[in-house]
Number of protein chains: 2
Amino acid sequence: MPEILRWHAQLSGAGVRATRKRVQVLEVLIAEPRPITARQLHAELLNRGEPIGLTTVYRAVSSLVDAGLVHAFTQAGEATYRVCGPTRHHHLICRSCGLVLEQTAEPRTDGFEVEAVYGVCAPCARRALPEQQRDQPHRPRP
Amino acid sequence: MPEILRWHAQLSGAGVRATRKRVQVLEVLIAEPRPITARQLHAELLNRGEPIGLTTVYRAVSSLVDAGLVHAFTQAGEATYRVCGPTRHHHLICRSCGLVLEQTAEPRTDGFEVEAVYGVCAPCARRALPEQQRDQPHRPRP
DNA sequence: CGCAGCTTGACAATGGTTTTCGTTTTCTAC
DNA sequence: GTAGAAAACGAAAACCATTGTCAAGCTGCG
(Lines give C-alpha, C1' and ligand atoms only; values in the text may rest on other atoms or scores of the structure.)
Protein backbone atom coordinates (compact mmCIF):
# COMPACT_ATOMS: atom_id res chain seq x y z
CA MET A 1 0.00 0.00 0.00
CA PRO A 2 1.41 3.43 -0.89
CA GLU A 3 2.30 5.52 2.10
CA ILE A 4 -0.15 8.29 1.37
CA LEU A 5 -3.04 5.87 1.17
CA ARG A 6 -1.97 4.27 4.41
CA TRP A 7 -2.02 7.68 6.10
CA HIS A 8 -5.53 8.39 4.99
CA ALA A 9 -6.70 4.91 5.91
CA GLN A 10 -5.20 5.16 9.36
CA LEU A 11 -6.46 8.68 9.92
CA SER A 12 -10.01 7.96 8.86
CA GLY A 13 -9.88 4.71 10.77
CA ALA A 14 -9.26 6.79 13.87
CA GLY A 15 -12.00 9.26 12.97
CA VAL A 16 -9.54 11.98 12.07
CA ARG A 17 -9.82 14.06 8.93
CA ALA A 18 -6.71 14.41 6.79
CA THR A 19 -6.76 18.19 6.92
CA ARG A 20 -4.15 20.47 5.37
CA LYS A 21 -2.54 21.32 8.69
CA ARG A 22 -2.37 17.77 9.91
CA VAL A 23 -0.79 16.60 6.68
CA GLN A 24 1.76 19.40 6.88
CA VAL A 25 2.69 18.36 10.40
CA LEU A 26 3.00 14.77 9.24
CA GLU A 27 5.23 15.79 6.33
CA VAL A 28 7.64 17.56 8.65
CA LEU A 29 7.73 14.53 10.94
CA ILE A 30 8.42 12.21 8.01
CA ALA A 31 11.37 14.37 6.96
CA GLU A 32 12.89 14.32 10.44
CA PRO A 33 15.25 11.45 11.21
CA ARG A 34 14.75 11.68 14.97
CA PRO A 35 12.07 12.79 17.41
CA ILE A 36 11.38 16.50 17.60
CA THR A 37 9.37 18.60 20.02
CA ALA A 38 6.13 20.40 19.26
CA ARG A 39 7.94 23.75 19.31
CA GLN A 40 10.54 22.50 16.81
CA LEU A 41 7.72 21.26 14.59
CA HIS A 42 6.05 24.65 14.85
CA ALA A 43 9.26 26.51 14.04
CA GLU A 44 9.95 24.27 11.04
CA LEU A 45 6.47 24.85 9.63
CA LEU A 46 6.85 28.61 10.02
CA ASN A 47 10.25 28.28 8.32
CA ARG A 48 8.54 26.61 5.38
CA GLY A 49 6.19 29.56 5.14
CA GLU A 50 3.21 27.65 6.51
CA PRO A 51 1.41 29.79 9.05
CA ILE A 52 0.17 27.57 11.87
CA GLY A 53 -0.57 28.02 15.54
CA LEU A 54 1.31 26.20 18.24
CA THR A 55 -1.98 24.97 19.67
CA THR A 56 -2.79 23.39 16.32
CA VAL A 57 0.56 21.63 16.23
CA TYR A 58 -0.13 20.12 19.65
CA ARG A 59 -3.56 18.99 18.55
CA ALA A 60 -2.24 17.61 15.26
CA VAL A 61 0.43 15.45 16.86
CA SER A 62 -2.11 14.27 19.39
CA SER A 63 -4.41 13.15 16.58
CA LEU A 64 -1.54 11.51 14.73
CA VAL A 65 -0.51 9.62 17.84
CA ASP A 66 -4.09 8.48 18.37
CA ALA A 67 -4.22 7.32 14.76
CA GLY A 68 -1.07 5.27 15.28
CA LEU A 69 0.99 7.12 12.66
CA VAL A 70 3.26 8.84 15.14
CA HIS A 71 4.86 7.76 18.36
CA ALA A 72 5.44 10.06 21.31
CA PHE A 73 8.58 9.88 23.42
CA THR A 74 9.77 11.76 26.44
CA GLN A 75 13.24 13.19 26.25
CA ALA A 76 14.70 15.50 28.88
CA GLY A 77 11.25 16.02 30.35
CA GLU A 78 9.47 17.10 27.20
CA ALA A 79 7.44 15.27 24.63
CA THR A 80 8.95 14.48 21.25
CA TYR A 81 7.30 12.95 18.21
CA ARG A 82 8.32 10.74 15.33
CA VAL A 83 6.51 8.79 12.62
CA CYS A 84 6.50 5.05 13.04
CA GLY A 85 5.57 2.06 10.96
CA PRO A 86 2.18 0.33 10.93
CA THR A 87 3.34 -3.03 12.26
CA ARG A 88 3.77 -3.92 15.91
CA HIS A 89 7.17 -2.83 17.12
CA HIS A 90 8.98 -1.07 19.90
CA HIS A 91 11.68 1.57 19.93
CA LEU A 92 15.23 1.92 21.15
CA ILE A 93 15.87 5.56 22.04
CA CYS A 94 19.33 6.88 22.77
CA ARG A 95 19.16 9.32 25.63
CA SER A 96 22.35 10.98 24.48
CA CYS A 97 21.98 11.59 20.75
CA GLY A 98 18.25 11.01 20.27
CA LEU A 99 18.69 8.19 17.77
CA VAL A 100 15.65 5.95 17.45
CA LEU A 101 15.68 2.39 16.17
CA GLU A 102 12.51 0.49 15.41
CA GLN A 103 12.62 -3.10 16.60
CA THR A 104 10.19 -5.69 15.39
CA ALA A 105 11.44 -8.58 17.51
CA GLU A 106 9.38 -9.23 20.64
CA PRO A 107 11.61 -9.27 23.70
CA ARG A 108 8.84 -9.91 26.25
CA THR A 109 11.18 -9.58 29.19
CA ASP A 110 9.50 -11.01 32.27
CA GLY A 111 6.19 -11.03 30.44
CA PHE A 112 6.39 -7.32 29.67
CA GLU A 113 4.99 -6.00 26.43
CA VAL A 114 7.89 -3.72 25.63
CA GLU A 115 7.04 -0.38 24.04
CA ALA A 116 10.10 1.81 24.47
CA VAL A 117 13.64 1.13 25.57
CA TYR A 118 15.70 4.09 26.75
CA GLY A 119 19.44 3.80 26.93
CA VAL A 120 22.67 4.87 25.31
CA CYS A 121 23.60 3.70 21.85
CA ALA A 122 26.96 2.11 21.17
CA PRO A 123 28.64 5.15 19.57
CA CYS A 124 27.52 7.46 22.38
CA ALA A 125 28.61 4.92 25.00
CA ARG A 126 32.05 4.71 23.43
CA ARG A 127 32.29 8.50 23.21
CA ALA A 128 31.40 8.98 26.87
CA LEU A 129 33.61 7.64 29.64
CA PRO A 130 36.19 5.94 27.45
CA GLU A 131 38.60 5.36 30.30
CA GLN A 132 36.79 6.46 33.45
CA GLN A 133 34.96 4.21 35.85
CA ARG A 134 32.36 2.16 34.01
CA ASP A 135 30.59 0.32 36.77
CA GLN A 136 28.77 3.19 38.41
CA PRO A 137 25.04 2.60 38.49
CA HIS A 138 23.00 5.03 36.45
CA ARG A 139 25.01 8.19 36.77
CA PRO A 140 23.39 10.54 34.28
CA ARG A 141 25.90 11.80 31.78
CA PRO A 142 26.03 15.54 31.26
CA MET B 1 27.70 -3.43 53.92
CA PRO B 2 24.73 -2.19 55.97
CA GLU B 3 22.30 -0.08 54.01
CA ILE B 4 22.77 3.04 56.09
CA LEU B 5 26.53 2.98 55.61
CA ARG B 6 26.10 2.53 51.91
CA TRP B 7 23.88 5.61 51.81
CA HIS B 8 26.44 7.74 53.53
CA ALA B 9 29.25 6.36 51.41
CA GLN B 10 27.37 7.03 48.19
CA LEU B 11 26.24 10.47 49.32
CA SER B 12 29.65 11.67 50.42
CA GLY B 13 31.14 10.06 47.32
CA ALA B 14 28.94 12.41 45.30
CA GLY B 15 29.83 15.38 47.50
CA VAL B 16 26.39 15.45 49.08
CA ARG B 17 25.86 15.79 52.82
CA ALA B 18 23.57 13.31 54.53
CA THR B 19 21.38 15.99 56.04
CA ARG B 20 18.25 15.38 58.07
CA LYS B 21 15.91 16.39 55.26
CA ARG B 22 17.64 14.32 52.64
CA VAL B 23 17.61 11.26 54.85
CA GLN B 24 13.91 11.78 55.52
CA VAL B 25 13.22 11.96 51.80
CA LEU B 26 15.26 8.81 51.29
CA GLU B 27 13.33 7.01 54.02
CA VAL B 28 10.02 7.77 52.37
CA LEU B 29 11.36 6.55 49.03
CA ILE B 30 12.61 3.33 50.60
CA ALA B 31 9.17 2.66 52.04
CA GLU B 32 7.45 3.16 48.70
CA PRO B 33 7.10 0.10 46.48
CA ARG B 34 6.81 2.12 43.29
CA PRO B 35 7.92 5.46 41.92
CA ILE B 36 6.26 8.53 43.39
CA THR B 37 6.24 12.17 42.40
CA ALA B 38 7.91 15.01 44.26
CA ARG B 39 4.50 16.28 45.39
CA GLN B 40 3.56 12.87 46.77
CA LEU B 41 6.87 12.75 48.61
CA HIS B 42 6.20 16.19 50.03
CA ALA B 43 2.68 15.28 51.12
CA GLU B 44 3.90 12.07 52.76
CA LEU B 45 6.55 13.94 54.74
CA LEU B 46 4.00 16.49 55.92
CA ASN B 47 1.75 13.57 56.86
CA ARG B 48 4.53 12.21 59.01
CA GLY B 49 4.75 15.54 60.77
CA GLU B 50 8.01 16.52 59.12
CA PRO B 51 7.84 20.12 57.98
CA ILE B 52 9.66 20.45 54.68
CA GLY B 53 9.40 22.70 51.68
CA LEU B 54 8.55 21.44 48.24
CA THR B 55 11.69 23.13 46.92
CA THR B 56 13.76 21.10 49.32
CA VAL B 57 12.11 17.89 48.19
CA TYR B 58 13.00 18.67 44.60
CA ARG B 59 16.58 19.43 45.58
CA ALA B 60 16.83 16.33 47.76
CA VAL B 61 15.70 13.92 45.05
CA SER B 62 18.01 15.64 42.60
CA SER B 63 20.94 15.08 44.96
CA LEU B 64 19.92 11.49 45.56
CA VAL B 65 19.70 10.85 41.83
CA ASP B 66 23.13 12.39 41.35
CA ALA B 67 24.48 10.18 44.13
CA GLY B 68 23.09 7.10 42.39
CA LEU B 69 20.79 6.10 45.24
CA VAL B 70 17.58 6.96 43.46
CA HIS B 71 16.41 6.60 39.91
CA ALA B 72 14.17 9.09 38.15
CA PHE B 73 11.45 8.00 35.76
CA THR B 74 8.93 9.89 33.71
CA GLN B 75 5.34 8.76 34.00
CA ALA B 76 2.42 10.62 32.47
CA GLY B 77 4.61 13.61 31.83
CA GLU B 78 5.90 14.09 35.34
CA ALA B 79 9.01 12.92 37.12
CA THR B 80 8.81 10.07 39.60
CA TYR B 81 11.49 8.72 41.90
CA ARG B 82 12.42 5.40 43.41
CA VAL B 83 15.42 4.00 45.27
CA CYS B 84 17.55 1.57 43.34
CA GLY B 85 20.34 -0.84 44.11
CA PRO B 86 24.05 -0.07 43.91
CA THR B 87 24.90 -2.55 41.16
CA ARG B 88 24.50 -1.94 37.46
CA HIS B 89 20.98 -2.68 36.38
CA HIS B 90 18.08 -1.38 34.36
CA HIS B 91 14.38 -1.11 35.05
CA LEU B 92 11.17 -2.44 33.62
CA ILE B 93 8.41 0.10 34.18
CA CYS B 94 4.76 -0.71 33.59
CA ARG B 95 3.06 2.26 32.00
CA SER B 96 -0.30 1.08 33.29
CA CYS B 97 0.19 0.25 36.98
CA GLY B 98 3.58 1.82 37.66
CA LEU B 99 5.21 -1.41 38.72
CA VAL B 100 8.99 -1.33 38.52
CA LEU B 101 11.23 -4.37 38.25
CA GLU B 102 14.99 -4.16 38.59
CA GLN B 103 16.82 -6.27 36.05
CA THR B 104 20.46 -7.15 36.43
CA ALA B 105 20.85 -9.08 33.18
CA GLU B 106 22.43 -7.09 30.38
CA PRO B 107 20.24 -7.17 27.28
CA ARG B 108 22.51 -4.95 25.11
CA THR B 109 20.03 -4.93 22.29
CA ASP B 110 21.80 -3.70 19.16
CA GLY B 111 24.69 -2.49 21.26
CA PHE B 112 22.44 -0.32 23.43
CA GLU B 113 23.22 0.12 27.08
CA VAL B 114 19.67 -0.28 28.32
CA GLU B 115 18.61 1.93 31.21
CA ALA B 116 14.84 1.83 31.27
CA VAL B 117 12.25 -0.27 29.51
CA TYR B 118 8.71 1.05 29.35
CA GLY B 119 5.87 -1.28 28.56
CA VAL B 120 2.90 -3.07 30.01
CA CYS B 121 3.34 -5.81 32.57
CA ALA B 122 1.69 -9.19 32.10
CA PRO B 123 -1.22 -8.66 34.55
CA CYS B 124 -2.08 -5.27 33.07
CA ALA B 125 -1.79 -6.64 29.55
CA ARG B 126 -4.22 -9.44 30.42
CA ARG B 127 -6.60 -7.02 32.09
CA ALA B 128 -6.69 -4.71 29.06
CA LEU B 129 -8.01 -5.92 25.73
CA PRO B 130 -8.67 -9.52 26.74
CA GLU B 131 -10.56 -10.36 23.55
CA GLN B 132 -10.31 -7.25 21.36
CA GLN B 133 -7.86 -6.72 18.56
CA ARG B 134 -4.33 -7.33 19.79
CA ASP B 135 -2.20 -6.48 16.77
CA GLN B 136 -2.75 -2.75 16.65
CA PRO B 137 0.53 -0.88 16.74
CA HIS B 138 1.02 1.26 19.82
CA ARG B 139 -2.45 2.46 20.48
CA PRO B 140 -2.25 4.07 23.89
CA ARG B 141 -4.66 2.51 26.30
CA PRO B 142 -7.00 4.89 28.09
C1' DC C 1 -28.31 28.61 0.32
C1' DG C 2 -27.86 27.35 5.15
C1' DC C 3 -27.06 24.82 8.92
C1' DA C 4 -24.21 21.64 11.85
C1' DG C 5 -20.07 20.24 13.24
C1' DC C 6 -15.26 19.91 12.97
C1' DT C 7 -10.97 22.74 12.72
C1' DT C 8 -8.12 26.58 13.65
C1' DG C 9 -5.55 30.01 16.44
C1' DA C 10 -4.83 33.95 19.73
C1' DC C 11 -4.94 34.21 24.38
C1' DA C 12 -5.46 32.76 29.06
C1' DA C 13 -4.89 29.33 32.42
C1' DT C 14 -2.72 25.33 34.44
C1' DG C 15 0.72 22.92 36.85
C1' DG C 16 5.22 20.77 37.46
C1' DT C 17 9.80 22.39 38.06
C1' DT C 18 13.49 25.78 38.80
C1' DT C 19 15.36 30.24 40.36
C1' DT C 20 15.93 33.81 43.65
C1' DC C 21 17.26 35.49 47.83
C1' DG C 22 17.33 36.00 52.61
C1' DT C 23 17.61 32.90 56.66
C1' DT C 24 19.11 28.76 59.04
C1' DT C 25 21.86 24.77 59.71
C1' DT C 26 26.09 22.14 59.42
C1' DC C 27 30.96 21.48 59.10
C1' DT C 28 35.70 22.70 60.18
C1' DA C 29 39.26 25.18 62.49
C1' DC C 30 40.68 27.06 66.44
C1' DG D 1 32.68 25.55 72.91
C1' DT D 2 32.95 29.31 69.52
C1' DA D 3 33.54 31.68 65.03
C1' DG D 4 33.38 31.88 60.39
C1' DA D 5 32.55 29.84 55.95
C1' DA D 6 30.02 26.89 53.13
C1' DA D 7 26.08 24.36 52.24
C1' DA D 8 21.21 23.66 52.87
C1' DC D 9 16.62 25.36 53.53
C1' DG D 10 12.07 27.53 52.31
C1' DA D 11 8.62 31.01 50.66
C1' DA D 12 7.59 33.30 46.82
C1' DA D 13 8.26 34.36 42.14
C1' DA D 14 9.62 32.97 37.68
C1' DC D 15 9.66 29.69 34.08
C1' DC D 16 7.81 27.01 30.43
C1' DA D 17 5.58 23.09 28.16
C1' DT D 18 1.05 21.90 27.66
C1' DT D 19 -3.99 22.40 27.72
C1' DG D 20 -8.46 24.99 27.93
C1' DT D 21 -11.43 28.69 26.08
C1' DC D 22 -13.93 30.83 22.72
C1' DA D 23 -14.78 33.20 18.59
C1' DA D 24 -14.00 32.84 13.66
C1' DG D 25 -13.23 29.89 9.55
C1' DC D 26 -13.85 25.89 6.80
C1' DT D 27 -16.30 21.57 4.99
C1' DG D 28 -19.74 18.57 3.72
C1' DC D 29 -24.53 17.59 3.22
C1' DG D 30 -29.47 18.32 2.75
Side-chain angles (χ1 to χ4, degrees), chain A residues 7-8 11-28 35-46 48-67 69-82 98 140 142, chain B residues 7-9 11-29 35-46 48-67 69-82 98 140 142:
Chain A
W7 302 344
H8 282 256
L11 287 174
S12 60
V16 174
R17 286 186 194 159
T19 63
R20 174 174 245 284
K21 304 286 183 189
R22 281 204 263 258
V23 170
Q24 287 172 348
V25 167
L26 185 56
E27 282 170 352
V28 170
I36 60 175
T37 65
R39 294 198 101 86
Q40 290 172 318
L41 255 171
H42 184 228
E44 174 60 23
L45 283 164
L46 295 188
R48 297 186 177 195
E50 303 290 357
I52 191 173
L54 183 55
T55 311
T56 304
V57 173
Y58 274 105
R59 274 187 295 231
V61 289
S62 173
S63 304
L64 294 171
V65 168
D66 287 349
L69 285 163
V70 166
H71 200 274
F73 307 99
T74 298
Q75 293 181 317
E78 61 188 326
T80 58
Y81 306 92
R82 187 169 185 282
Chain B
W7 302 343
H8 283 257
L11 286 174
S12 59
V16 175
R17 289 183 191 162
T19 63
R20 175 174 243 285
K21 304 286 184 188
R22 280 204 264 257
V23 170
Q24 288 173 346
V25 167
L26 186 55
E27 283 170 351
V28 171
L29 284 171
I36 60 176
T37 65
R39 294 197 101 86
Q40 289 172 317
L41 255 170
H42 184 229
E44 174 59 22
L45 283 164
L46 296 187
R48 297 185 177 194
E50 304 289 358
I52 191 173
L54 182 56
T55 310
T56 304
V57 173
Y58 274 105
R59 273 189 293 232
V61 290
S62 174
S63 305
L64 294 171
V65 168
D66 286 349
L69 285 163
V70 166
H71 200 275
F73 306 99
T74 298
Q75 292 180 317
E78 63 188 325
T80 59
Y81 306 93
R82 186 169 187 282

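This one's a predicted model, so the numbers in the text were calculated from it and none came from an experiment. Protein chains get the first letters and strands the later ones, always in sequence-line order, with residue 1 at the start of each.
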Exercise for the section: Using only side-chain N and O atoms of B:Thr19, determine if any of them is under 4.0 Å from OP1 or OP2 of C:dT25. Expected result: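 For B:Thr19, the contact criterion (side-chain N or O under 4.0 Å from OP1 or OP2 of C:dT25) is not met.
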Problem - Under 4.0 angstrom between A:Lys21 side-chain N/O and C:dG9 OP1 or OP2 - result: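 It does, given that an N or O in the side chain of A:Lys21 lies less than 4.0 Å from OP1 or OP2 of C:dG9.
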Interatomic distance, [X] [atom1] vs [N] [atom2] [rounded to whole Å]:
X: B:Glu78; N: C:dT18; atom1: CD; atom2: C1'; result: 16 Å
X: A:Arg39; N: D:dC15; atom1: CZ; atom2: P; result: 14 Å
X: B:Leu45; N: D:dC9; atom1: CG; atom2: C1'; result: 14 Å
X: B:Tyr58; N: C:dT17; atom1: OH; atom2: P; result: 4 Å
X: A:Ile52; N: C:dG9; atom1: CD1; atom2: C1'; result: 10 Å
X: B:Gln24; N: D:dC9; atom1: CD; atom2: C1'; result: 12 Å
X: A:Ile36; N: D:dA17; atom1: CD1; atom2: C1'; result: 16 Å
X: A:Tyr81; N: D:dA17; atom1: OH; atom2: P; result: 12 Å

Practice task
Evaluate side chain to side chain contact (heavy atoms under 4.5 Å, CB included) for B:Arg48 paired with B:Val28, printing each intermediate quantity in order.
Solution key: CA-CA 10 Å; B:Arg48 297 185 177 194; B:Val28 171; 3.6 Å; yes
[atom1]/[X] to [atom2]/[Y] distance, rounded to the nearest 0.5 angstrom?
X: A:Leu54; Y: A:Arg59; atom1: CG; atom2: CZ; value: 10.0 Å
X: A:Tyr81; Y: A:Leu69; atom1: OH; atom2: CG; value: 14.5 Å
X: B:Phe73; Y: B:Thr37; atom1: CZ; atom2: OG1; value: 14.0 Å

Classify [X] by what it touches in the nucleic acid, base, sugar-phosphate, or nothing, heavy-atom distance under 4.0 Å.
X: B:Arg22; answer: sugar-phosphate
X: A:Arg17; answer: sugar-phosphate
X: A:Thr56; answer: base

Handout entry: Whichever of B:Arg20 and B:Thr55 has its nearest DNA chain D nucleotide further upstream toward 5'
Key =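 Its nucleotide being nearer the 5' end, the pick is B:Arg20.
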Practice task
For A:Thr37 and for B:Leu54, find the nucleotide of DNA chain D with the closest heavy atom, then tell me which residue's nucleotide is more 5'.
Solution key: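 Counting from the 5' end, the first nearest nucleotide belongs to B:Leu54.
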Problem - A:Val16 vs A:Asp66 side-chain heavy atoms within contact, under 4.5 Å - result: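 A:Val16 vs A:Asp66: side chains apart.
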Practice task
Confirm from the modelled atom types if A:Arg59 and D:dG20 form a donor-acceptor pair under 3.5 Å, side chain to base only.
Solution key: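 Not at all, since no donor on one side and acceptor on the other fall under 3.5 Å apart.
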